[in-house]
Amino acid sequence: MATGNREAARLLGEIGALLEIQGENPFKIRAYTRAAEQIDHLAEPLSSLSAEDLEAIPGVGKAIAGKIQEILKTGTCAELERLRAATPPGLIPLLALNGVGPKTVRKLWTELGVDGIEALEAAARSRRIRALKGFGAKKEDDILKAIAEAKDGAGRMNRAEAERLAAALTAAIPGDSWVAGSLRRGRSTIGDIDIVTTAPPRETSLALRRIADAVIDEGERKISVTIGGRRADIRFADPGSIGAMLLYLTGSKAFNIRLREIAGRKEMRLNEYGLTDRGSGNLLTFPTEEGVFSALGMSPVPPELREDRGEVEAALSGALPPLLDETEIKGDLHVHSEWSDGVLSLEEIAAEGERMGYDYILITDHAAGIGITHGLDAQRLEKQRQEIRAVNRTASCTLLAGVEADILPDGRLSLPDAALEACDLVVASVHSAFRHDGDTMTRRVIAALENEHVDILGHPTARLIGHRPGTALDIGRVIEAAAATGTALEINASPTRMDLDDIYIRQAKERDVILAIGTDAHRKPEFAHMRYGVALARRGWCGPADVLNTRTADALLERRR
DNA sequence: GCCGTTTTCGGCCCGACTGTTTTCAGTCG
């Protein structure tokens with residue numbers, strides 16, 4: 001089986017981690033880590049790239065390109081095997097423990113023979129760690145706590161949970177505050193909450209202690225707490241220098257490093273307080289992020305693009321892409337009513353559409369199929385279509401008569417072609433047999449795309465964040481099939497799905513595949529999830545022309561014809 | 001190990017906070 005980008009990136013990351021434990025040159029370690037990240041979100045499959053192409057990837061030079069080729073050919077490389085032989089592989093998970101870094105791991109390994117989590121826990125419980133030079137009882141305690149936290153395995157949050165926590169924090173903070181971090185960047189999952197505030201530190205600390213589970217650490221310039229079992233970092237800033245602070249705390253880390261390198265080339269130092277002239281030592285402060293970008297000679301980079309995936313170069317040359325804006329969305333392309341498993345009547349959905357300022361909403365109740373209760377058969381679908389026409393006579397937001405058909409295990413759809421043909425638009429989705437192997441699943445989905453009545457592939461990987469990984473679908477092949485058949489791929493905006501994810505959206509966009517944003521709403525509050533889908537589209541570098549939702553209802557119907 | 005509108009060698013982002021220290025290493029973001 002061919003080695004994919006994900007796997008190659010994982011192996012490069014493993015080399016980086018093992019080098020770290022071995023106490024290698026930090027810059028060499030960073031080189032491997034950066035190369036791994038770049039490979040992880042590459043649009044093209046590595047296997048299609050020549051040696052020259054590989055070296056053109058930022059952060060990949062001769063040495064790493066050679067190792068990538070070795071990995072593609074054999075599934076591993078000599079350097080990795082050498083490191084694995086010299087370092088217990090059980091040490092790598094220790095690096096993920098809070099407060100445990102490479103120096104700690106190395107010391108525990110070489111001096112106490114710790115070779116994994118279990119050995120570490122045993123060493124801590126038998127109080128052998130506090131005897132090491134530079135360690136104490138507190139450190140030993142912290143290690144046991146970190147192990148317990150890791151076993152709880154909270155993982156990353158979905159956006160809805162993260163927004164709830166951020167709202168609770170900003171409401172409690174006695175002053176103006178701004179959400180930063182991955183939540184602001186629009187990522188599909190969120191690790192922790194980052195907030196910048198101009199509120200006074202002492203009062204903020206008191207207020208946060210009332211709502212937080214615990215205070216992790218606290219100083220003049222920041223306070224970190226856990227709330228709802230999650231970490232939140234709050235940084236204090238002067239109103240006149242929010243720009244640099246917001247930029248810093250929004251990240252990503254890789255993006256920040258690139259900006260700081262650019263500042264360095266201009267004989268300046270960039271930190272969270274502003275830009276310092278290396279010669280005079282003068283600090284320039286900025287009330288807005290735009291000011292910092294301008295001083296660095298760049299266009300302002302929208303938060304969703306700040307991942308070091310080419311946006312820095314684009315901003316330096318003034319070539320950032322135009323991005324989709326929420327105000328350009330004319331309708332929602334995936335909504336369920338009480339006709340299947342939703343709770344709203346068609347009238348209520350039309351009213352929600354008006355409230356959202358939409359021109360149309362595509363009604364996509366489930367078709368009768370396996371795994372779905374109350375699915376519609378051809379007759380009920382026809383009956384629903386009549387009621388939709390009736391609602392449309394009075395509503396200003398037009399309801400389009402669609403359906404969400406199941407893609408059956410053999411690739412056929414759960415409705416006959418005649419019933420599909422009668423619809424305004426058809427979404428087809430996988431709702432069963434998620435464990436098909438990659439090739440079977442891919443052929444199954446492509447068969448659905450090749451049905452001329454299918455307009456949109458719903459939640460392409462069928463993942464449920466925190467509950468179910470995506471199917472083994474080969475998304476590259478699906479994107480090629482979508483390009484060939486003119487089928488749209490859905491950006492499912494439900495915070496529990498966020499499917500497709502950003503790197504695949506960008507890959508699809510680059511193949512001129514159209515994307516369709518749908519909230520998959522089953523009840524009123526879920527219509528507002530559109531913003532998550534828009535953020536994902538922006539993270540995939542999509543402009544208004546790349547998504548169906550910016551087109552008029554007539555244009556959608558015309559496209560189907 | 002990567003990289004170059006000062007460089008093919010000599011750099012590599014920058015600062016906050018904690019714990020174990022007696023001036024700082026380690027971790028984190």
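Lettering of chains follows the sequences in order, A, B, ..., and the numbering in each one begins at 1. Nothing here was measured: the structure is a model prediction, and the numbers come from that model. As a basis for the values below, the full set of heavy atoms in this structure was taken, side chains included, without hydrogen atoms, waters or symmetry mates.
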A/Leu275 and A/Leu283, any side-chain heavy atoms less than 4.5 Å apart: no
Distance, P atom - from B/dT6 to B/dC2, rounded to whole angstrom: 24 Å
P spacing across the pair B/dT22 / B/dC17, given as an integer number of angstrom: 23 Å
Distance (rounded to the nearest 0.5 Å) between A/Arg159 CZ and A/Arg164 CZ: 13.0 Å
Sugar-phosphate only, base, or nothing, as touched by A/Ile257 at under 4.0 Å among non-hydrogen atoms: base
Pairwise side chain to side chain donor-acceptor pair (under 3.5 Å) hits with a residue in residues 310-324 of chain A, at least two apart: A/Arg258-A/Glu313
Sugar-phosphate only, base, or nothing, as touched by A/Arg235 at under 4.0 Å among non-hydrogen atoms: sugar-phosphate
Nearest-angstrom distance, P atom, B/dG26 to B/dT21: 13 Å
Residue whose closest nucleotide on DNA chain B lies nearer the 5' end, A/Asp142 versus A/Val100: A/Asp142
Sugar-phosphate only, base, or nothing, as touched by A/Arg130 at under 4.0 Å among non-hydrogen atoms: nothing
Test side chain to side chain contact (heavy atoms under 4.5 Å, CB included) applied to A/Lys107 - qualifying residues, sequence neighbours left out: A/Glu111, A/Leu132, A/Lys133, A/Phe135
Mate of B/dT18 where both pairing distances stay under 3.5 Å, Watson-Crick or G-U: B/dA25
Sugar-phosphate, base or nothing in reach of A/Ser224, heavy atoms under 4.0 Å: nothing
A/Ser48 side chain vs A/Pro45 backbone, donor-acceptor pair below 3.5 Å: yes
Sugar-phosphate, base or nothing in reach of A/Tyr248, heavy atoms under 4.0 Å: base
Touch class at under 4.0 angstrom, heavy-atom based, for A/Lys138 against every strand present: sugar-phosphate
Nearest-angstrom distance, C1' atom, B/dT7 to B/dC12: 13 Å
Spacing of the P atoms in B/dA16 and B/dG11 (rounded, Å): 25 Å
Nearest-angstrom distance, P atom, B/dG15 to B/dT20: 26 Å
Sugar-phosphate, base or nothing in reach of A/Asn271, heavy atoms under 4.0 Å: sugar-phosphate
Expected output: side-chain A/Asn271 to main-chain A/Gly274 donor-acceptor under 3.5 Å: yes
Sugar-phosphate, base or nothing in reach of A/Pro26, heavy atoms under 4.0 Å: nothing
Sugar-phosphate only, base, or nothing, as touched by A/Ala137 at under 4.0 Å among non-hydrogen atoms: sugar-phosphate
Sugar-phosphate, base or nothing in reach of A/Arg258, heavy atoms under 4.0 Å: nothing
Under 3.5 Å donor-acceptor, A/Ser294 side chain and A/Glu290 backbone: no
Backbone N/O of A/Glu328 and side chain of A/Asp325: donor-acceptor pair under 3.5 Å: no
Sugar-phosphate, base or nothing in reach of A/Asn25, heavy atoms under 4.0 Å: base
Contact nearer the 5' end of DNA chain B, comparing A/Val105 with A/Glu267: A/Glu267
Distance between C1' atoms of B/dT8 and B/dC3 (Å, rounded): 9 Å
Touch class at under 4.0 angstrom, heavy-atom based, for A/Leu97 against every strand present: sugar-phosphate
Pairwise P distance for B/dC13 and B/dT18, with rounding to whole Å: 26 Å
Sugar-phosphate only, base, or nothing, as touched by A/Leu270 at under 4.0 Å among non-hydrogen atoms: sugar-phosphate
Sugar-phosphate, base or nothing in reach of A/Arg269, heavy atoms under 4.0 Å: sugar-phosphate
Range on DNA chain B touched by chain A, heavy atoms, distance below 4.0 Å: B/dG1 to B/dG29
Partner of A/Thr76 by side-chain contact (heavy atoms from CB on, under 4.5 Å), out of A/Arg84, A/Glu14, A/Glu70, A/Lys67: A/Arg84
